[in-house]
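See below for the structure under consideration.
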Amino acid sequence: MNRAATLPGDPPGGRRAIAVWSIGVSVYFVAVIFRTSLGVAGLDAAERFHVGASALSTFSILQLLVYAGMQIPVGLLVDRLGTKKVLTIGVLLFTAGQLGFAFSASYGMALASRALLGCGDAMTFISVLRLGTRWFPARRGPLVAQLAGLAGMAGNLVSTLVIARLLHGVGWTAAFAGSAAAGVLVLVLLLLFLQDHPEGHHPEPFPHRGSAYVRRQIAAAWREPGTRLGLWVHFTTQFPAMVFLLLWGMPFLVQAQGLTRATAGELLTLVVLSNMGAGLIYGQIVARHHTARLPLALGTVAATALAWATVLVYPGAHAPMGLLVVLCVVLGFCGPASMLGFDFARPANPPERQGTASGITNMGGFVASMTTLLAIGILLDATGDNYRIAFAAVFVLQAAGLSQIFRLRKQAARRERERLVASRVETVHVPA
C-alpha cells in the first residue's frame, strides 16, 4: 500500500479537487496559447517588423529570459501569497502582453509586449503545480503534473490549428487581439471559483517574510540534490521541442525542407499530439514505478539526439517525409520527459518549499531553450541560413545537461531514500 495515501493531512482529491484544479489548468492553457502563438507567426513577424533571424529569435529569447528569471521569485510568491493571487496577477499581465503584441506597430513595442507576456506566463505553471499538491494526495503527484503539462500542450495545439488560421484569415491585429478574449474569460472563472486549498487543509502560517528568510528558503531548496537533478532533467529534455514549437520549427520545415506552410503546420500539430499521448503514458508509468523516472528521461534524450542527427546528416537537400514524421513524434516526448524533473524535486522538499523548488526546476528547460534559440538565430545569420549547422546547437546543450544528470543522480537517489525512511519512521511513531 502507498504510504502517501495514509499520511495525516493528505488532501482528499475527488470531484471538487478536479473542478478547482481545472480552473487553474485553464489559466495555464491560455498562457501557453499566448506563449506559442509566435511559433506560427514567425515568418509573418519577420515581414511585419522587417527583421532577420537573429532579431526574430530575440522575441522568444526575451520572453523566455523574463520567464526563466521570474521562476524563483514566483515560487517564493506562490509559497507566500497562495495560488489565486499569483494566478490573477499572471492573467492580467499575459493578457495585456497579448493585446500589446496585437497592436504593436514597431519592433520595440512588440518586444516589450512579449516581455510582459512572459512575465505573466511565468506565474502560471508553478501555481498550477502547487494547486495540485494542495488538492490531491501525494501519490497522484506525478500524474497530476503530467496532466497539467498535457493541458499546456493542448494550448499549443490551439495555437497551431486556430491562431495560424486566424492569422492568415483575419490578419495580425484581429487574430492576436481576438485571442486575448480568452484571458478575460479565465480571469472571471479564476476570481469566482478558484480556492487555494480544501476546507480543513489550511497550510501552516507563513513564517518570517524578510529577506533573510527568502535567502534561507532558496538555499535550502538548492542544497537538495533532488532539486538540482530536477533542474538538469528539465534543462536537458524540454528545449528541443520548445525551440521547435516556439519559433524555429516552421522556418526549418518551410525554408530548409521545402514544405508548404500547411504541411509544416500539420507536422507541428503532430508534435503536440505526440506530446499529449506521451504525457498520459509517462504519468501512468511514474505513478506506478517511481524508479522509472531517470530511465525515461535519459531514453528521451537519446531518442531526440538520434532523430535530430538522422535528419541533419541525411544526404540530399531534403529529408524524406517519413523521417520528419519520426522526428516530430520523438519531439513530442520531450515535454512529458521534462515534467519528470518535478518528480525529482517534489519528494526532496517539504510542502512549504514546493513553490520555490518548482521554480528552480522550471528554470532549467527555459534557460536551455533561450540559449538554443539565440544560438540558432546567430548561426543562421552567420552561415546564410544553413539549418544543419544551426540545429547542431541542440547536441551541445544536451551534452551539457547529461553531464550534470550523471553527476547528481546517485547523490539525489541516496538523499531521497534517507527522506523516505525518515518519513516512515515519523508516520509509525506517532506520539500518543
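All values below were derived from every heavy atom in this structure, side-chain atoms included, with hydrogens, water molecules and symmetry-related copies excluded.
With rounding to the nearest 0.5 Å, the separation of CG in L194 from OG1 in T88 is 8.0 Å. Between atom CE of residue M370 and atom CG of residue L62 there is a gap of 10.0 Å, rounded to the nearest 0.5 Å. Distance check: Q257 CD to L267 CG gives 9.5 Å after rounding to the nearest 0.5 Å. For the atom pair CG (L380) and CZ (F252), the distance works out to 10.5 Å, reported to the nearest 0.5 Å.
H234 and F342 have their aromatic ring centers within a separation under 6.0 angstrom. Aromatic pair W308/F395: centroids not less than 6.0 angstrom apart. Remark: aromatic rings of Y107 and F59 are close, center separation under 6.0 Å.
Remark: the backbone N or O of Q354 is not paired with any side-chain donor or acceptor of R346 at under 3.5 angstrom.
Screening N349, T361, T356 for a side chain to side chain donor-acceptor pair (under 3.5 Å) involving T227 leaves a single residue, N349.
Aromatic ring orientation, F176 versus W172: tilted (interplanar angle from 30° to 60°).
The side-chain tip of R114 points at the ring of F101 from less than 6.0 angstrom away and within 45° of straight on.
Counting heavy atoms from C-beta on, the side chains of Q217 and D79 come closer than 4.5 Å.
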